[in-house]
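Read through the structure below, which is laid out as structure tokens, and then see the notes.
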Amino acid sequence: ASVCSALGVEAPSSADKPLEILTKLTSGKGIDRVFMYNPDAVALWLFEKYTDIFTPVMLNSDITLPLQTVMPSVTPVCFATMYTGAEPEIHGIQSYTKPVIKTDTVFDVLIRNGKKPCIVSTGNDSMSKIFLEREMDYFIVETPDEANEKAIELIKEDKYDLICVYNANYDS
């Protein structure tokens, strides 16, 4: 809901309300681009133990918010929840499985509103599987480095309203 609100469109149908801080941050005007980097398995304990490493990222971000996870906290369940705004019982992924989500997502909302989302992901990962079958661009690459390179290329091209990037750098 917060990403959609920031981009000036309604939230996915099952999502909660957007975070008020984002509405205040954009002064109700919205923004025109969102880049979401989805690092795998960055648990709160990592942040707490290595806060000094995360500090430069936070200082170069407009906003940093603590969030909670859903259970089970496995990648497909978490991504389905993040991008639908719905609980696992609603979006349907409740285990480490990767079916295509049929529930309304951020991607669906943006497409309906004439905006261009895309996904950059390494192959066979949750991001490259559960959001398929939508009229949007998918850049599925072999390695995390290729995903990062493609993301930089897409940012420079500046033709997408939402770029979502996933790679398994933490896992590897």
Side-chain angles (χ1 to χ4, degrees), residues 1-15 22 30-43 46 54 56-58 60-65 67 69-70 73-86 88 91-93 95-172:
S2 297
V3 169
C4 289
S5 175
L7 286 166
V9 297
E10 77 277 0
S13 57
S14 297
L22 287 179
I31 57 175
D32 62 354
R33 299 287 188 268
V34 172
F35 177 82
M36 290 184 66
Y37 175 65
N38 299 274
D40 197 13
V42 178
L46 280 172
F54 286 90
V57 174
M58 293 184 301
N60 286 290
S61 298
D62 290 330
I63 188 169
T64 302
L65 300 169
L67 300 174
T69 191
V70 292
S73 61
V74 293
T75 306
V77 176
C78 293
F79 280 161
T81 302
M82 284 171 54
Y83 287 95
T84 64
H91 61 64
I93 300 181
S95 63
Y96 198 90
T97 58
K98 300 175 187 175
V100 174
I101 291 177
K102 302 301 182 191
T103 305
D104 202 30
T105 67
V106 168
F107 307 111
D108 299 307
V109 168
L110 293 177
I111 292 165
R112 281 196 303 270
N113 284 276
K115 296 194 180 287
K116 290 189 62 140
C118 73
I119 291 175
V120 180
S121 179
T122 45
N124 205 33
D125 292 319
S126 298
M127 285 293 286
S128 65
K129 298 289 184 187
I130 67 175
F131 300 113
L132 291 173
E133 301 176 9
R134 289 167 168 83
E135 293 292 321
M136 57 185 271
D137 292 334
Y138 301 89
F139 300 94
I140 311 303
V141 297
E142 295 292 320
T143 68
D145 286 340
E146 288 176 297
N148 295 341
E149 289 169 17
K150 187 64 177 179
I152 292 167
E153 177 185 323
L154 295 174
I155 290 168
K156 288 178 180 177
E157 287 177 6
D158 193 31
K159 69 178 190 178
Y160 293 97
D161 301 291
L162 173 65
I163 300 173
C164 294
V165 178
Y166 170 82
N167 67 47
N169 266 346
Y170 178 82
D171 288 342
S172 60

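Computed from heavy atoms alone, side chains included, the values below leave out hydrogens, waters and symmetry copies. Each residue takes its place number in the sequence, starting with 1.
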*Which pairs count as ring pair (Phe, Tyr, Trp, His ring centres under 6.0 Å) when at least one residue sits in residues 136-155, sequence neighbours excluded?*
none
*Does Thr122 reach the side chain of Glu146, with side-chain heavy atoms less than 4.5 Å apart?*
no
*4.5 Å side-chain heavy-atom contact, Ile152 and Glu149*: no
*Residue Glu142 excluded, over 12 heavy atoms near CD under 6.0 Å*: no
_Test your reading of the model: is there a side-chain donor-acceptor pair from Thr84 to the backbone of Ala80, 3.5 Å cut-off?_
yes
_Passing candidate, side-chain contact (heavy atoms from CB on, under 4.5 Å) with Cys4, options Val34, Thr105, Val106_ = Val106
_Can you tell me how far apart CG (Leu162) and CG (Leu7) are? Round to the nearest 0.5 Å._
6.5 Å
*asked:* Please report the interatomic distance CD1(Ile93) to CZ(Phe79), rounded to the nearest 0.5 Å.
replied: 11.0 Å
*For Pro117, does its backbone N or O pair with a side-chain atom of Asp161 as donor and acceptor, under 3.5 Å?*
no
*Decide side chain to side chain contact (heavy atoms under 4.5 Å, CB included) for Tyr83 and Met127; before the verdict, give the C-alpha distance in whole Å, the side-chain angles of both, and the deciding distance to 0.1 Å.*
CA-CA 10 Å; Tyr83 287 95; Met127 285 293 286; 4.0 Å; yes
_Atom of Ser121, atom of Asp125 and distance for their closest heavy-atom approach_ = OG-CB, 3.8 Å
*Heavy-atom pair with the smallest gap, counting every atom of Pro76 and Ile130*: O-CD1, 3.8 Å
_As an exercise, state the distance from CD1 of Ile101 to OG of Ser126, rounded to the nearest 0.5 Å._
9.0 Å
*If we only count heavy atoms from C-beta on, is the Ile119 to Ser128 side-chain gap below 4.5 Å?*
no
*For residues Phe107 and Cys164, determine if any side-chain heavy atom of one lies less than 4.5 Å from a side-chain heavy atom of the other.*
yes
*Where do Met82 and Asn38 come nearest, in terms of heavy atoms and distance?*
CE-OD1, 3.4 Å
*asked:* Restricting to non-hydrogen atoms, name the atom on Lys129 and the atom on Asn124 that form the minimum distance, rounded to 0.1 Å.
replied: CE-OD1, 3.2 Å
*Which is it for Ile155 and Arg33 under the side chain to side chain contact (heavy atoms under 4.5 Å, CB included) test, yes or no, and what are the steps along the way?*
CA-CA 10 Å; Ile155 290 168; Arg33 299 287 188 268; over 6 Å; no
*Pair Arg112 + Asp104: basic N to acidic O under 4.0 Å*: yes
*asked:* Can a donor-acceptor pair be found, under 3.5 Å and without considering hydrogens, that links the side chain of Lys116 to the backbone of Asp137?
replied: no
*Measure the spacing between CD1 of Ile163 and SG of Cys118 and express it to the nearest 0.5 Å.*
5.0 Å
_Chi angles and distances behind the salt bridge (Lys or Arg N to Asp or Glu O under 4.0 Å) call for Glu153, Lys150_ = CA-CA 5 Å; Glu153 177 185 323; Lys150 187 64 177 179; 2.9 Å; yes
*Does the pair Met136 and Leu110 meet the rule for a side chain to side chain contact (heavy atoms under 4.5 Å, CB included), with working shown?*
CA-CA 10 Å; Met136 57 185 271; Leu110 293 177; over 6 Å; no
*For side chain to side chain contact (heavy atoms under 4.5 Å, CB included), just list the numbers for Val120 and Tyr37, CA-CA rounded to whole Å, side-chain angles, deciding distance to a tenth of an Å, and then say yes or no.*
CA-CA 10 Å; Val120 180; Tyr37 175 65; over 6 Å; no
